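This report refers to the structure that appears directly beneath it.
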Amino acid sequence: MSNKWLKDAVFYEIYPQSFYDTNADGIGDFNGIIEKLDYIKSLGCNALWINPCYDSPFRDAGYDVCDYKKVAPRYGTNNDLYRLFDEAHKKGIHVLLDLVPGHTSEEHEWFRKSQSADQPNEFSNRYIWTDGWFAGCNRLPYIAGEAERPATYIINFFKCQPALNYGFLKPEEPWQLPMDHPDAIATREALKDVMRFWLDHGCDGFRVDMASSLVKYDDEKKSGTSAIWRNVREMLDAEYPDAVMVSEWSDPPLALRAGYDMDFYLNHNGGGYASLLRDYDRIIGRNADSDNSYFHRDAKDRDINRFLREYLPWYQDTKDIGYISMLTCNHDTPRPRFTLTPEELKLAYAFIFTMPGVPFLYYGDEIGMRYLNLPTKEGGYFRTGSRSPMQWDNTRNLGFSQGCADTLYLPVDPADDAPTVAAQEADPHSLLNTVRAILRLRHAEPDLQADGAFEPLCNRKGDPFVYRRGSMILAVNPSGDTLSVQVPVAGMKPVFTLGEARVEGSVLHMAGQSFIALK
Ligand code: GLC
Ligand code: CA
């Protein structure tokens, strides 16, 4: 079960190309992350997830890896990254790298060999090949006409991302290897070798990309893919007992039983998490008025049960085996500021950061960075708008880079009132300082950390949402109306409030847009 250091962990996700550029080439780098470690610590974050920083043609922002053991020169050298691990550790910050196990870039050496006319070779079965140059597969996406080898291959995501071959749960064709085929096992061992490489150099674990995608024709319970992760977990337990893994799976009951410490609560297609912060269709430029997110002050049909109906059964099923990770956003989703105001964000973050499990803050969300309407970059499409440079201050390029504006990885927010760290540092009520205050509260109160029990106390529509965490009671009223609710709070004292909220006997009075934590 869960590693000790996660009990009070709060993660900060860094999209490295957009965080801080120290050599004026317009692209963020490892030295930039090192320089900002004190800032990250000042937020109350004590762990990092860095998006893929390996060598890559960047047709999917680095999720198309061409060398798992070498960093992309645009971020620095391997030694810079090892130094980042070191410097972070000195400040009590753990670092997770992004592991992309399901596919590589089509420019990876394994794939070059696998696709060559010179067959068979060591890598022939490292990827999934059909048995004819125009023979396809009716259940999996494949590419024809690209390889020297007279066969087509299966992809995992974009065309540039051929799927690695971990075998099929129940092969149906001769070209589909069973999971226990030596070549399928070799892929798994190659994955472990990559993990050992980074763990040996000081990394603390991995965020795992498309974690449920490994075994093809897997069943609903993902038994094939889960068996692989359990095998990986055994290796970690034996060799790196402190290493942790968080999955991009969004099915905690399956992911945590497969050996993950944490699973992201993130549904890309609606669902409970989306109902909190992103209840709209993902269309760039869409009118934000139609947002019906729980934390939108004017949500038409506000109902926390849309979240609880999904979350609670997962939480109850998994609370003893691992953690659900709530997040403000990530590099694949529109920033919450797209539809929510800074005042609404304060309440949303207060809720996210006082939930069980291990929370994740996406860089820039702490100052309410906007979701920008940008043309696609490196396969980002609509996601590009959430990947713009961090806004540090009001100097050149908002402090992101000393380079020329037209060399930047992406343009900075052009708005006159683009939020910056510097401006918000000065204001005690800024979103930035509110995030700090909430995280200070979390670190001060073990009941609010990963393991503290969670139980809804009032989830009626139209009332504030009131929930218990261990011996504490918390409540949030995202609406614009003053609301009162009777709950067992008699004798309890507020330890933290946003807006105006108070206890009178066993009644909680909450002004519009308020939050309270009671002890
Ligand atoms: C994950 C990543 C995303 C990437 C995809 C393919 O969803 O988060 O950014 O494009 O996998 O690797
Ligand atoms: Ca740089």
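We number each residue from 1, following the sequence as shown. Remember, it's a predicted structure, so these values are computed and weren't measured experimentally. Both backbone and side-chain heavy atoms feed into the values below; hydrogens, waters and symmetry mates do not. Whatever order the structure lists ligands and atoms in, that order sets their numbers, starting from 1.
Put simply, Asn23 gets within reach of the Ca ion (ligand 2), with an N, O or S atom under 3.0 Å from it. Among the atoms of Ile27, an N, O or S atom is found under 3.0 Å from the Ca ion (ligand 2).
Ion pair Lys170/Asp218 not flagged as a salt bridge, since none of the NZ, NE, NH1 or NH2 atoms sits closer than 4.0 Å to an Asp/Glu carboxylate oxygen. With respect to the salt-bridge test (charged N to carboxylate O, under 4.0 angstrom), the residues Lys91 and Asp86 do not qualify.
Within a 6.0 Å radius of NZ in Lys221, no more than 12 heavy atoms belonging to other residues, nucleotides or ligands are found. Residue Glu109 places its CD atom among 12 or fewer non-hydrogen atoms of other residues, nucleotides or ligands, all under 6.0 Å distant.
For ligand 1 and Asp209, the ligand atoms under 4.0 Å from any heavy atom of the residue are 1 (C), 2 (C), 5 (C), 6 (C), 7 (O), 8 (O), 11 (O), 12 (O). Near Asp60, meaning under 4.0 Å from one of its heavy atoms, ligand 1 places the atoms 4 (C), 5 (C), 6 (C), 10 (O), 12 (O). Less than 4.0 angstrom separates some heavy atom of Met210 from each of these atoms of ligand 1: 6 (C), 11 (O). Each of the following atoms of ligand 1 lies closer than 4.0 Å to a heavy atom of Glu248: 1 (C), 7 (O), 8 (O), 11 (O). Interface atoms of ligand 1 facing His103, defined by a heavy-atom separation under 4.0 Å, are 6 (C), 12 (O). Atoms of ligand 1 lying under 4.0 Å from any heavy atom of Arg383, numbered from 1 in the order shown and given with element: 3 (C), 4 (C), 9 (O), 10 (O).
Closest approach of Ser114 to Phe123, counting heavy atoms only: OG-O, 2.7 Å.
Side chain to side chain, Gln17 and Tyr75 meet the donor-acceptor criterion of an N or O pair below 3.5 Å. Between the side chains of Asn394 and Thr420, no donor-acceptor pair is found at a separation under 3.5 Å.
The name of the N, O or S atom in Asp29 nearest to the Ca ion (ligand 2) is OD2. Minimum-distance N/O/S atom of Asp25 relative to the Ca ion (ligand 2): OD1. Between the Ca ion (ligand 2) and the N, O or S atoms of Asp21, the shortest distance is to OD1.
Contact annotation for Arg59 and ligand 1: no heavy atom of the residue comes within less than 4.0 Å of the ligand.
In this structure, the side chains of Glu107 and Phe111 stay at 4.5 Å or more apart for every pair of heavy atoms.
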